Amino acid sequence: MEEKFNFLGFQDRWQKYWEEKGFYRGEDFSKKPKFYILVMFPYPSGSGLHVGHGRNFIPADVVARYKRMKGFNVLHPIGYDAFGLPAENYAIENGINPKISTENNITNFRRQLKSLGLSYDWTREFTTSDVEYYKWTEWFFEFLFKRGLAYQDRSFQWWCPHCKTVLANEQIIDGNCWRCGTPVVRKELKEWFFRITDYADKLLEGLDRIEWPDRIKSMQRNWIGKSEGAEIAFKVELPGGTTCEIPVFTTRIDTIFGVTFLAIAPEHPLLHELTTSDRKEEVGRYATEAFKKAEMDRLSQDREKTGTFLGTYAINPLTQERVPIFVGDYVVYSYGTGAVMGVPAHDERDFAFAKKHELPIKFVVKPVSATADTEKAFIDYGTLIDSKEFSGLTSEEAITKIVAYIEKQELGKGVVKYKMRDWLISRQRYWGAPIPIVHCPEHGAVPVPESELPVLLPDEVDFSPRDTGESPLANDKNFVNTKCPICGKPSKRETDTQDGFACSSWYFLRYADPHNNDAPFDRAEIDYWLPVDLYIGGAEHAVMHLLYSRFYTKVMRDAGLIGFDEPFKKLMNQGMILGADHQKMSKSRGNVVNPDDIIQEYGTDTLRAYMLFIGPLESDALWSTEGINGVFRFMKRVWNLFSENAKIASYISSAEEKDVDIMTDKMVQHITNQVENFKFNTMISSFMEWLNYLLKIREEHQTIGRTKAFREALEAFIKMISPATPFIAEELWHRFGHRDSIHVQSWPAPKNIYKEEVITIPIQINGKLRDRIEAPVDAGEDEIKELAMKASKISAMNLDFSKANFIFVKKNPLEKSEDYKGVRYASTNSFKKSEDYKGVRLLNIVIH
RNA sequence: GCCGGGGUGGCGGAAUAGGCAGACGCACGGGACUUAAAAUCCCGCGGUAGAAAUACCGUACCGGUUCAAUUCCGGUCCCCGGCACCA
């Protein structure tokens, strides 16, 4: 009886061995081609890893290990995104400094990551809350500040009453805080922003050059929200006899002849100036109501189009018509100019507003074919009517011509607007990278001199957050009080800290040169390793981390700090692992599965193989105990066959060796293809098929198990499965008598000693499978035709082949590519053309 | 509403680029081994009809192109994700 599959007996041993040997270190400036594979680094929470984390880390590790075997110099690093609220909240509740709890959590994370057999370069590990790291996060703040990309602004911000901090627009999901789900409220505060909007166009353009999922690209495009239109000013005669102008933004300047009113947002600065004295009370009441409503009804879908007349009129610059001006809360102040021209005939919202306030509806664009329906807005492009000299033009033509006209007449201009806002980066919390700014009564916001960085986060602080919109750091007099770097006058330090996303916006660069004390990184190291070749992480960061990182990268490139402007060449989003209740795994739901338990029961290799087998990398998958059992059975069968075969000392020969060799070659090609295409679930299936084949042929032909071909098949198998199941592979490899590690072996290539001689060809009659024949691999069409007509099931059909049309589907040898892309098939519609191809793969006989 | 993705057995899923639908695994049913159970091994497993051979139907639905469609085209329905009064 063979030895039991005792995985715990060798896992730790090999883990130590690999680390001592340093196999997984990325070698700076190696002559080998480099491959940088990165996973989104984890937040080291107190609850440790759950199996869902493996959904990301394990496939990435397979790629890293595969690439090493393919001769690449691989950089596969890991670190911790450690600044953030959970550690701080824990500190508040338990009085333990976040530094301590973070260190403890990381110790646990590191242990768990190692137990998963992940082949990280541990020499490059860092934590964003390390002084050595956040010094450079501060440095980057100043870098942006000096380039005019960081500024302070006092305005209404979204405040999370639970986290007691402001949030960036991207960090509000459906009106709630992205972290804790608490509804956010408006608060007027002076905050720090990064001018990401300056990069809107570059962020948009770069998306065309990177290999990212469409979903993420579309979310970013959506978020940036570029729209091209025109800005045009409407003149207003004010009650006092003076005049002013209200600029409006529109993407439909072709509808300007249909303007019947103007609407401005309640926040509009000209609101009171534009209101006649008899309307002041009413308008004031409306504006106050609107502000209140803004807090409550943010989410309501179809809000009523409320508003009220200001008492004043604006002049349509193209028609000189007088139109009433309204205030209406359906106008978004922060977009465009905060004022819109009301064209009820051609905009649904304006239509609803006009109906409610009994304003005229004037159609100036008619549909090209169908007749106009005057009971609703016609929002499509069409042909202009009643539009003076522009009548008869299509909307497209009219937009170009009217923009040209207003530019010539200096009434307005073509402009581009974005939905994206600047990134609000200050947080009123303790556990983050300090903002290295000193507020001097004379010189204003002054950056701390570079030589004095870092501004250290004080250890002894009263962490309690405040509702005032101040950071707990404001409690620490020693921290706050300082001198102005310019004039030396008593000044106050900035007490807000940076958004955690500031830390993660450049961490992928730091791995190239993680211990540099003189700079965030050395340019040569960056030029060697970056950009990241493959980045794997969750889709929840689509418009946060992934957008911010691209922004940082582009700024650095513009400053000449680095030589590329897109940090992540290829991006993949792993799906989530759902608990037994079909819900996302989380501690609060109580459906988490701890990898420690799984490893104890089944071993790391089984866990890894199951993670790969569970489904396509990008889709969500349900954790199932039955499922992992199936994979465990597979691992045990691998163990039994291989450990038994390891005892064979001398080989005999057998007639079936050729079959085994052909199968090995097929599988080598097939599995290589699957890894290259990240099809890990079918890759594991292929190993199962391969094992089933080996067990079956050995069952049928006792001697085959003792041949060289069989041993070679097992060695190819074990090498190729080693990225997925590194422990069992290493153990069996050594049992096969090898002294070196399996993880420094080369990836197998097909041997191509034998070619298949006979293949099975399916025979269809009128497109339906009726029989199969065995034929020589390069049999000609006539030969196959004869065999097909004689095939038992076909001949039993008594068909009249004289009128039959024979369609031979063949493989095309010309298109067999070098890179194991597999054999490709071409269907051939003309007999003439089919002469160019060899090797019939399918025959369809058409008889009518 | 707009954008993106999807719909295949009881379940997870497979089918590389139009060519054998359902690989592989789970669950289930039957059998072997066992005093018995677990473990392991063998057989079966889309639907309908049939004792069986086999036939017909079948990849959300309707239609089209093709010798051949899960795959391509047009339309419809449904599900998931994102954005949403953005002018």
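Quick caveat: nothing in here was measured; it's all calculated off a predicted structure. Note on naming: letters A, B, ... go to the chains in the order of the sequence lines (proteins, then strands), and numbering restarts at 1 for each one. What's counted below: heavy atoms across the whole structure, side chains too, no hydrogens, waters or symmetry copies.
Residue contacts for A:Ile763: at a heavy-atom cut-off of 4.0 Å it reaches no nucleic acid atom on any strand shown. Nucleic acid contact class of A:Lys793 (heavy atoms, under 4.0 Å, all strands): sugar-phosphate only. Among the protein residues, A:Pro616 comes within range of the sugar-phosphate backbone only, with heavy atoms under 4.0 Å from sugar or phosphate atoms but none that close to a base. Residue contacts for A:Lys679: at a heavy-atom cut-off of 4.0 Å it reaches the sugar-phosphate backbone alone, with no base atom in range. Using a 4.0 Å heavy-atom cutoff across all strands shown, A:Phe687 reaches no nucleic acid atom at all. Using a 4.0 Å heavy-atom criterion, one finds that A:Ser334 contacts no nucleic acid atom at all. If you check every strand for non-hydrogen atoms under 4.0 Å, A:Gly225 touches nothing.
Considering only side-chain N and O atoms, A:Tyr330 lies nowhere under 4.0 angstrom from the phosphate OP1 or OP2 of B:rA87. Contact annotation: A:Lys419 side-chain N/O to B:rA84 OP1/OP2 distance is not under 4.0 Å. Contact annotation: A:Asn573 does not reach the phosphate of B:rG5 (side-chain N/O to OP1 or OP2, under 4.0 Å). Side-chain nitrogen and oxygen atoms of A:Lys768 include none within less than 4.0 Å of the OP1 or OP2 phosphate oxygen of B:rC20. The shortest distance between the side-chain N/O atoms of A:Asn681 and the OP1/OP2 oxygens of B:rA14 is below 4.0 Å. Phosphate contact (OP1/OP2 of B:rC26, side-chain N/O of A:Arg633, threshold under 4.0 Å): present. Regarding contacts with the backbone of B:rU40, a side-chain N or O of A:Lys636 is found under 4.0 angstrom from either OP1 or OP2.
Using a 4.0 Å cut-off between charged side-chain N and carboxylate O, A:Arg421 and A:Glu170 make no salt bridge.
Under the 30°/60° scheme for interplanar angles, the aromatic rings of A:Phe249 and A:Tyr335 are found to stand perpendicular.
Which of B:rG25, B:rC67, B:rA55 sits closest to the side chain of A:Arg770 comes down to B:rA55. Nearest to the side-chain atoms of A:Val331 among the listed nucleotides B:rA87, B:rC24, B:rC20 stands B:rA87. Among B:rC24, B:rG5, B:rG19, the nucleotide with an atom closest to any side-chain atom of A:Glu689 is B:rC24. The listed nucleotides are B:rG25, B:rA87, B:rA15; the one nearest the side chain of A:Arg637 is B:rG25. Listed nucleotides: B:rA87, B:rA15, B:rG25. Nearest to the side chain of A:Val340: B:rA87. Set against B:rC20, B:rC83, B:rA14, the side chain of A:Gln764 has B:rC20 as its closest nucleotide. Residue A:Thr251 has its side chain nearest to B:rA87 when only B:rC67, B:rA87, B:rU16 are considered. When each of B:rG13, B:rG19, B:rA87 is scored by its nearest atom to the side-chain atoms of A:Asn844, the top-ranked nucleotide is B:rG19. Minimum atom distance to the side chain of A:Arg772 is reached by B:rC20, of the listed B:rA15, B:rC20, B:rG82. Nearest nucleotide to the side chain of A:Ser685, out of B:rA23, B:rA87, B:rG5: B:rA23.
Atom CD in A:Glu689 sits 12.0 Å away from atom CD1 in A:Ile684 (nearest 0.5 Å). One finds the CG atom of A:Asp350 at 10.0 Å from the CG atom of A:Leu359 (value rounded to the nearest 0.5 Å).
Taking the six-membered ring for Trp and the full ring otherwise, the centers of A:Tyr610 and A:Trp623 sit less than 6.0 Å from each other. Aromatic pair A:Phe353/A:Tyr330: ring centres closer than 6.0 Å.
A:Lys785 NZ: 12 or fewer foreign heavy atoms inside a 6.0 Å radius.
In this entry the base of B:rG9 is syn relative to its sugar, with a glycosidic angle within 90° of 0.
Residues satisfying the side-chain hydrogen bond (donor to acceptor under 3.5 Å, both in side chains) test with A:Glu774, not counting sequence neighbours, are A:Thr760.
RNA chain B lies under 4.0 Å from at least one heavy atom of each of the following residues of residues 617-629 of chain A: A:Asp620, A:Glu626.
Between the P atoms of B:rC2 and B:rU76, the separation comes to 11 Å (whole Å). Taking the P atoms as reference points, B:rU16 lies 9 Å from B:rC20, given to the whole Å. A gap of 24 Å separates the P atoms of B:rA51 and B:rG58, to the nearest Å. With P as the reference atom, B:rG63 and B:rU71 are 15 Å apart, rounded to whole Å. To the nearest whole angstrom, the two P atoms, one in B:rC61 and one in B:rU54, are 28 Å apart. A gap of 12 Å separates the P atoms of B:rC45 and B:rA52, to the nearest Å. Spacing of C1' atoms, B:rC42 relative to B:rC80, comes out at 42 Å, to the nearest Å. B:rG18 and B:rA68 are spaced 8 Å apart, taking the C1' atom of each and rounding to whole Å.
A:Asp201 and A:Tyr418 share a donor-acceptor pair across their side chains, judged by distance under 3.5 Å alone. A donor-acceptor pair shorter than 3.5 Å cannot be found between the side chains of A:Thr251 and A:Glu228.
Of all the heavy atoms in A:Lys305 and A:Ala352, the pair that sits closest is CG-CB, 3.7 Å. Taking every heavy atom of both residues into account, A:Leu262 and A:Ile246 meet most closely at CD2-CD1, 4.0 Å.
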Exercise for the section: Both distances under 3.5 Å, Watson-Crick or G-U wobble: on that basis, could you give the dot-bracket string for RNA chain B, with [ ] for crossing pairs and | for other-strand partners? Expected result: (((((((..(((......[....))).(((((.......))))).((((....))))..(((((..]....))))))))))))....
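Without hydrogens or angle criteria, A:His357 side chain to A:Thr308 main chain gives no donor-acceptor distance under 3.5 Å.
For the pair A:Leu769 CG and B:rA68 C1', the computed distance is 13 Å after rounding to whole Å. Rounded to whole Å, atom P of B:rC24 lies 19 Å from atom OH of A:Tyr610. Rounded to an integer number of Å, the gap from CG of A:Asn766 to P of B:rA69 is 11 Å. Protein atom CZ of A:Phe801 is 15 Å distant from nucleotide atom C1' of B:rC67, rounded to whole Å.
Nearest-nucleotide mapping onto RNA chain B: of A:Gly767 and A:Asn692, the residue sitting toward the 5' end is A:Asn692.
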